[in-house]
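So the structure is just underneath, and the comments pick up after that.
For ligands, and for the atoms within them, numbers begin at 1 and follow the listed sequence.
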Amino acid sequence: MSAPEHSTGSELDPANGFENPGLGEHRPRKADIDDKADKKAERQTAALFGISIVGTIIALVAYFTLNDADPGDIAQIRQVNMWIGIGIFLAMIGIGLGAIHWAKTLMRDHEMVEDRHELRSSDEAREGAIQNLKDGVEDSGLGGPKRRSVLKGSLITALAVAPLAVLVPQIGNMGSDWNISKFRHTLWGPGVRLARDPDGALIKAADVTIGSVFHVIPDGLNDLDHHHLISEKAKAVVLLVRLDPADLKVQEGREDWSFDGIVAYSKICTHVGCPVALYEQQTHHLLCPCHQSTFDVSDGCKVVFGPAKRPLPQLPIAVDDEGYIVAQADFDEPIGPSYWDRLKGGDDTTAEEVSH
Ligand code: FES
């Protein structure tokens, strides 16, 4: 690579037969000829790297605030998540803009020409490449006569701390006490009445007409304190549907889990846990809005389409002496997605059940 000669007029390229317009006259930038402008550009670049450092600090502080946040306080969690996002954004954009500004204003500004050559570079070219690298370091200002110590320091610090905004949350989560057994048990149990979500009104079998759908919570859920209400509701929500008993394919071993065509299934999608709530009365299909997994309510809520791999867990129900619909027991398997460690931590689901 060599510095080109600047042409003032057209030249005929003998190889290609067209006129080579040549390079225009080189025009130095302000920072090339004015020491004040050079210093200003350096300060601006350092400030951008400084923004990156501040962004990293914001992300880390927000992350540690999140650890102390009340899990039931959704508004606070949203706000903290927003600050984590803002912090990471500033950390990344600061480095990016700083590097661009540095290249445009401070790195040496001269055109280079590289002639076409064989695919394998000659030994001289290879040595030249190494020399170019060295020149690049010098051009960048890191190895030149000017020390630019503030710039160097801010860049190195920004590069060193920026990964923390991403790594620290990952490392922090590795030690969390995540355990599938938390999903093994819900508020459902023998005799717990089914109530409407959200008002908690109890549901009689006579109220459920064919084709109707009820969003259901366990009776008593609304009496819990806010924190427990949120976490228990997230596990226990159920969809209650009544089909014509003639349309219902009763699953083997579940002959007494439904009542006169009334069936209840977990609303938590077995893909990644969105609430499944779109019921199509004609086809008896239940659709998850997140990634379109579709479950057949008339056939054990088996997956008929989409990325989910397991049917929705069924809640065994019956009707008590007063005509109210009650649960016979808790779900017989963990609700929600099929995590890889589904068999750990007190989960007694069999491997065969998981694979279905
Ligand atoms: S969460 Fe239901 S399909 Fe993905």
With side chain to side chain contact (heavy atoms under 4.5 Å, CB included) as the criterion, how do L221 and E232 come out once you've worked through the C-alpha distance, each side chain's angles and the decisive distance to 0.1 Å? CA-CA 8 Å; L221 177 90; E232 290 301 332; 3.9 Å; yes
Pair up each side-chain donor or acceptor in residues 209-219 with any protein partner under 3.5 Å, not counting sequence neighbours, and list the distances.
{"from": "S212", "atom 1": "OG", "to": "T209", "atom 2": "N", "distance (Å)": "3.1"}
{"from": "S212", "atom 1": "OG", "to": "T209", "atom 2": "O", "distance (Å)": "2.5"}
{"from": "H215", "atom 1": "ND1", "to": "K267", "atom 2": "NZ", "distance (Å)": "2.9"}

Please report how many protein N/O/S atoms lie under 2.8 Å from atom 2 (Fe) of ligand 1.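 Number of qualifying protein atoms: 2.
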Would a distance-only check, ignoring hydrogens and angles, find a side-chain to backbone donor-acceptor pair under 3.5 Å from R242 to V208?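 The answer is yes, because a donor-acceptor pair under 3.5 Å joins these two groups.
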Would C274 and C288 count as a disulfide (SG to SG under 2.5 Å) here? Give the steps. CA-CA 7 Å; C274 286; C288 177; 4.7 Å; no
Would you say R29 and K104 make side-chain contact, with heavy atoms under 4.5 Å?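 No, every pair of side-chain atoms sits at 4.5 Å or beyond.
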Tell me whether F331 shares a hydrophobic cluster with L187, the cluster being built from Ile, Leu, Val, Met, Phe, Trp, Tyr side chains joined at under 4.5 Å.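 Shared cluster, yes.
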